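Notes follow once the structure below has been shown.
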Amino acid sequence: MNDLVNAAPGRRPPLLEVIAERRDTDPCDVACEAMPAHVAGDLTSRDETWLHEHTRVCTYCANELRRYDKLDALLSTIGGTCDQAWSPPPLALPRRAHVWYTRVDSPIGELILAATAEGLREVDFAKESSDEAFVARMRQVGADVSHAARSDDAEPAVRQHLERAARELEEYFGGRRSRFDIPLDWGPMPPFQRAVLEATAAVPFGHVDTYAGIARRIGKPKATRAVGNALGRNPIPVIVPCHRVIRSDATLGGYTGGLGIKQHLLRHEGVTIS
């Protein structure tokens, strides 16, 4: 959701309530991205009203807004006690992440594994993604990309993460592993999506939860649709087991890799869903 920062000069960005109602947008992402503007006093009265209405029904965003307001109050207090003029620190642009990737075989088809020095960043279904498409997508989200087998500059930690992820997936599909221990790098992920994926990662092997159940787990019982959208953007499927999340009517729901793969993974774990 970049509408707030990417509006053309002289043009007012869309109202927050308009952005939040788009099908592919999570209202919590809209609220969190609007909070710095709230602190700076740059929101219109209508956007302020929407933000406060949203935080009245969303515990997660209400907590985030309180943190912003406390920080604003603290900075105002500090500023009021300073007699001398001061200059802000120089702007530090975020460092681009460097991602290395490789391909591995699996019973559900070839997979692309991508990692940084911090941990596993991506698992892609290679049937749906060529190397060129994968590299282009990663660059769009601000990452430099290298093929681990064709590059000598990958850090030892990166190679260890890729090897460990491949080994744990082989053990999982071989029936010798029921949980993954590979460190994960969530990257520049919106807070709502990360909360959804962390709750999903806690669903045990051989069990299922529902989209509504995950919404309740993260304290947002009305966010069932947003949970589905967040899971549809899960960058680390299989290891973050979004295949274990189904509809409340006990039907499969959706899956990025296709329902055939979702059924295969559930059957592998001893779960049968009609």
Side-chain angles (χ1 to χ4, degrees), residues 24 97 99-116 119-143 145-150 158-159 161-175 177-190 193-194 196-198 200-201 203 205-206 208-209 211 214 227-247 251-273:
D24 60 347
V99 176
W100 284 264
Y101 75 98
T102 189
R103 287 175 175 258
V104 298
D105 291 323
S106 82
I108 56 174
E110 195 175 32
L111 301 173
I112 296 177
L113 307 181
T116 66
L120 189 67
R121 175 73 73 92
E122 297 262 344
V123 175
D124 258 31
F125 298 105
K127 182 180 178 182
E128 306 296 330
S129 183
S130 65
D131 280 21
E132 294 76 13
F134 176 77
V135 169
R137 183 171 63 79
M138 295 303 295
R139 286 175 176 166
Q140 285 180 346
V141 297
V145 192
S146 300
H147 194 298
R150 303 171 193 156
V158 173
R159 297 191 185 279
H161 293 324
L162 292 174
E163 291 169 1
R164 181 172 177 178
R167 182 175 66 253
E168 290 190 5
L169 283 166
E170 182 181 5
E171 291 169 354
Y172 167 78
F173 286 115
R177 175 176 289 274
S178 60
R179 56 170 293 174
F180 294 97
D181 300 313
I182 177 75
L184 303 179
D185 177 3
W186 298 105
M189 183 178 292
Q193 185 182 14
R194 178 163 177 173
V196 168
L197 296 185
E198 288 179 337
T200 300
V203 180
F205 180 98
V208 295
D209 203 338
Y211 299 104
I214 297 296
V227 165
N229 290 337
L231 291 177
R233 304 192 304 271
N234 177 13
I236 319 174
V238 185
I239 289 177
V240 176
C242 53
H243 60 275
R244 296 176 192 158
V245 183
I246 63 174
R247 290 175 176 160
T251 56
L252 283 173
Y255 194 67
T256 302
L259 292 184
I261 290 179
K262 187 170 187 175
Q263 289 174 317
H264 180 104
L265 294 170
L266 288 172
R267 284 198 301 268
H268 171 70
E269 298 183 10
V271 177
T272 301
I273 303 292

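Computed from a predicted structure; not experimentally measured.
- Inter-residue side-chain proximity for R137 and D124 is flagged as met; some heavy-atom pair is nearer than 4.5 Å.
- In this view, Y172 and F180, H268 satisfy the ring-ring contact (aromatic ring centres under 6.0 Å, His included) rule, not counting sequence neighbours.
- Rounding to the nearest 0.5 Å gives a distance of 9.5 Å between CG of L111 and CZ of R103.
- Remark: the backbone N or O of G187 is paired with a side-chain donor or acceptor of D185 at under 3.5 angstrom.
- Between H161 and R164, every side-chain heavy-atom pair lies at or beyond the 4.5 Å cut-off.
- Between L266 and L252, some side-chain heavy-atom pair lies under the 4.5 Å cut-off.
- In this structure, the separation between CD1 on I112 and NE2 on H147 is 8.5 Å, given to the nearest 0.5 Å.
- Taking each heavy atom of A143 and V99 in turn, the nearest pair found is CB-CG2, 3.9 Å.
- Summarising the geometry, atom CG belonging to L120 is positioned 5.5 Å from atom CD1 belonging to I236; distances are rounded to the nearest 0.5 Å.
- The pair R194-E198 counts as a salt bridge, with a side-chain nitrogen and a carboxylate oxygen less than 4.0 angstrom apart.
- Scanning both residues, A165 and L113, for their nearest heavy atoms gives CB-CD1, 4.0 Å.
- Within a 6.0 Å sphere centred on CD of E269, heavy atoms belonging to other residues, nucleotides or ligands number more than 12.
- Formation of a donor-acceptor pair under 3.5 Å by the S146 side chain with backbone atoms of W100 is not found in this model.
- Residues forming a side-chain contact (heavy atoms from CB on, under 4.5 Å) with P235 (at least two apart in sequence, or on another chain): E122, M189, Q193, L197.
- The distance from the CG atom of L259 to the OG1 atom of T251 is 9.5 Å, given to the nearest 0.5 Å.
- For the pair V203/I214, a side-chain contact is recorded, criterion being any heavy-atom separation below 4.5 Å from C-beta on.
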key: Steps toward side-chain contact (heavy atoms from CB on, under 4.5 Å) verdict (V240, V123)   = CA-CA 10 Å; V240 176; V123 175; over 6 Å; no
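- Across V245 and T200, no two heavy atoms sit closer than the pair CG2-CG2, 3.9 Å.
- F173 places a side-chain heavy atom less than 4.5 Å from the side chain of L265.
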